[in-house]
Amino acid sequence: MSRRSNIFRSFAWRGANLLAIGVALLFGTLNSAPGELPPTSNAFSLLLGSFVLSLPLMALPLLPGFLAEPKRLKRWFSLPRHNGFGYGRWIGYLFVIVIGCAMLVTVCSPAEEQIAVQLASRLSLSETIIMALFLCGLTPLVEECLFRGLLLESFRPSIALPLSAMFFAFAHGGNAFFLPLFFMGWCLGLVALRAQTLLPCIALHGIFNLISLVLTMANL
C-alpha cells in the first residue's frame with residue numbers, strides 16, 4: 001500500500017509540473033501574439049472575462065500537486081520562519097520590487113504593451129478597484145503557487161530558480177516584459193527559498209501589480 005501510495009504521489013507531482021509548464025507556454029504564446037483593440041471594445045468586460053477564464057486554468061496544475069503532497073498547502077501558507085528571515089528585510093525586498101516596476105515601465109514601449117495593459121488604461125475608477133481585487137489578490141495567489149510553489153520545488157534550487165523565473169516571465173509574453181519579469185521572478189524565488197513559505201511572495205507580487213496598475217492609470 002505504501003509503495004502504491006509513493007508511486008501515485010510521484011506520478012501526480014510529475015503530472016502537476018508538466019501541466020504547469022504547459023500552462024506557462026500556452027499563456028506565453030497567447031500573450032506574445034500582437035493585437036489591436038477596437039476603440040469601442042468594453043475594456044471591463046474583456047478583462048473580467050479573461051480573469052474568469054485564465055485563473056481556473058492556471059490553478060488546474062495545483063490540483064494533482066495537492067493530491068500528491070497535501071502537506072505542501074499548509075507549508076506554503078505558513079508564517080515565515082524566524083531563522084534569520086527578519087521582518088525588517090521586507091523593506092529591502094519591497095525596494096527590489098519597486099525597482100522591478102520601474103524597469104517594467106521603462107523597458108516596455110507602447111507598441112509592445114500587453115492587451116491587458118491597454119485595457120487597464122481604459123477603466124473607470126470603480127472598474128479599476130474591482131480589477132485590483134483580481135490583479136492584486138487572486139492573480140498573485142495563483143501565480144505564486146504555480147511558479148514559486150510547483151515549479152520551484154521540482155528541481156534543486158540552482159536549476160529550479162532560473163527555470164521558474166523563465167516560465168513566469170514567458171507566461172506574460174515573449175516581449176519587452178520578459179526581462180523585468182524574469183528579474184522579478186528570480187527575486188521572488190529567492191524570497192520563497194529563504195522564507196520557506198509563499199506568503200511573502202504573494203504579498204510582494206500583489207504590491208508589484210498594484211504599483212503597476214497605479215502607474216498605468218496615471219499614464220506614466
Side-chain angles (χ1 to χ4, degrees), residues 2-32 54-81 83-85 89-90 92-93 96-97 100 103-104 139-175 177-206 208-209:
S2 178
R3 182 179 179 182
R4 290 181 179 179
S5 178
N6 290 334
I7 294 175
F8 169 77
R9 285 198 297 267
S10 177
F11 178 79
W13 187 250
R14 291 180 182 178
N17 281 278
L18 289 176
L19 280 174
I21 293 173
V23 166
L25 293 177
L26 173 63
F27 277 91
T29 302
L30 294 175
N31 288 327
S32 299
S54 63
L55 287 177
L57 181 58
M58 294 187 69
L60 183 62
L62 301 177
L63 296 180
F66 290 154
L67 288 175
E69 297 288 345
K71 293 183 178 179
R72 289 179 189 266
L73 181 61
K74 181 179 179 180
R75 179 172 60 79
W76 285 357
F77 295 97
S78 63
L79 292 176
R81 298 176 182 177
N83 54 348
F85 189 82
R89 296 188 181 184
W90 277 56
Y93 290 123
V96 168
I97 298 299
M103 290 176 61
L104 180 63
T139 299
L141 173 65
V142 174
E143 289 189 355
E144 290 308 309
C145 288
L146 187 68
F147 296 105
R148 254 65 65 182
L150 283 178
L151 292 181
L152 192 62
E153 296 185 1
S154 302
F155 310 96
R156 62 176 182 268
S158 60
I159 297 177
L161 185 60
L163 280 180
S164 64
M166 180 187 69
F167 282 117
F168 170 72
F170 181 73
H172 293 80
N175 47 32
F177 283 79
F178 185 87
L179 285 179
L181 288 177
F182 180 86
F183 168 77
M184 175 185 171
W186 187 286
C187 293
L188 290 177
L190 290 175
V191 172
L193 291 173
R194 188 76 176 101
Q196 292 297 301
T197 173
L198 297 183
L199 289 182
C201 300
I202 295 170
L204 292 172
H205 192 156
F208 178 92
N209 287 354

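Note that these values count all heavy atoms, side chains included, but never hydrogens, waters or copies made by symmetry. Along the sequence shown, the residues carry numbers beginning at 1.
Between A165 and W186, the shortest heavy-atom distance links the atoms CB-N, 3.6 Å. When every heavy atom of A195 is checked against every heavy atom of P200, the shortest pair comes out as CB-CG, 4.0 Å. The nearest pair of heavy atoms linking L198 to R148 is CD2-O, 3.5 Å. In terms of heavy-atom proximity, P61 sits nearest to A16 at O-CB, 3.3 Å. The nearest pair of heavy atoms linking L57 to V23 is O-CG2, 3.8 Å. For the residue pair A59 and V142, the shortest heavy atom distance occurs at N-CG1, 3.8 Å.
Here the CG atom belonging to L26 is positioned 13.5 Å from the CD1 atom belonging to I21, to the nearest 0.5 angstrom. In this structure, the separation between CG on L141 and CZ on F77 is 5.0 Å, given to the nearest 0.5 Å. Note that CZ of F178 and CE of M166 are 7.0 Å apart. Values are rounded to the nearest 0.5 Å. The distance from the OG atom of S154 to the CG atom of N17 is 3.0 Å, given to the nearest 0.5 Å. Here the CE atom belonging to M58 is positioned 13.0 Å from the CG atom belonging to L19, to the nearest 0.5 angstrom. The CG atom of L188 sits 10.0 Å away from atom CD of E143, with the distance rounded to the nearest 0.5 Å.
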- request: Go through I202 and W76 one step at a time and tell me if the side chain to side chain contact (heavy atoms under 4.5 Å, CB included) criterion holds.
  value: CA-CA 10 Å; I202 295 170; W76 285 357; over 6 Å; no

### Task
Applying side chain to side chain contact (heavy atoms under 4.5 Å, CB included), run through F147 and L152 and close with a yes or a no.
CA-CA 6 Å; F147 296 105; L152 192 62; over 6 Å; no

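With ring centers used as reference points, F168 lies under 6.0 Å from H205.
Using a 4.5 Å cut-off on side-chain heavy atoms (C-beta onward), M184 and H172 make no contact. Between F167 and L25 the shortest side-chain heavy-atom distance falls below 4.5 Å.
Counting heavy-atom neighbours within 6.0 Å of F155 CZ, excluding the residue itself, gives a total of 12 or less.
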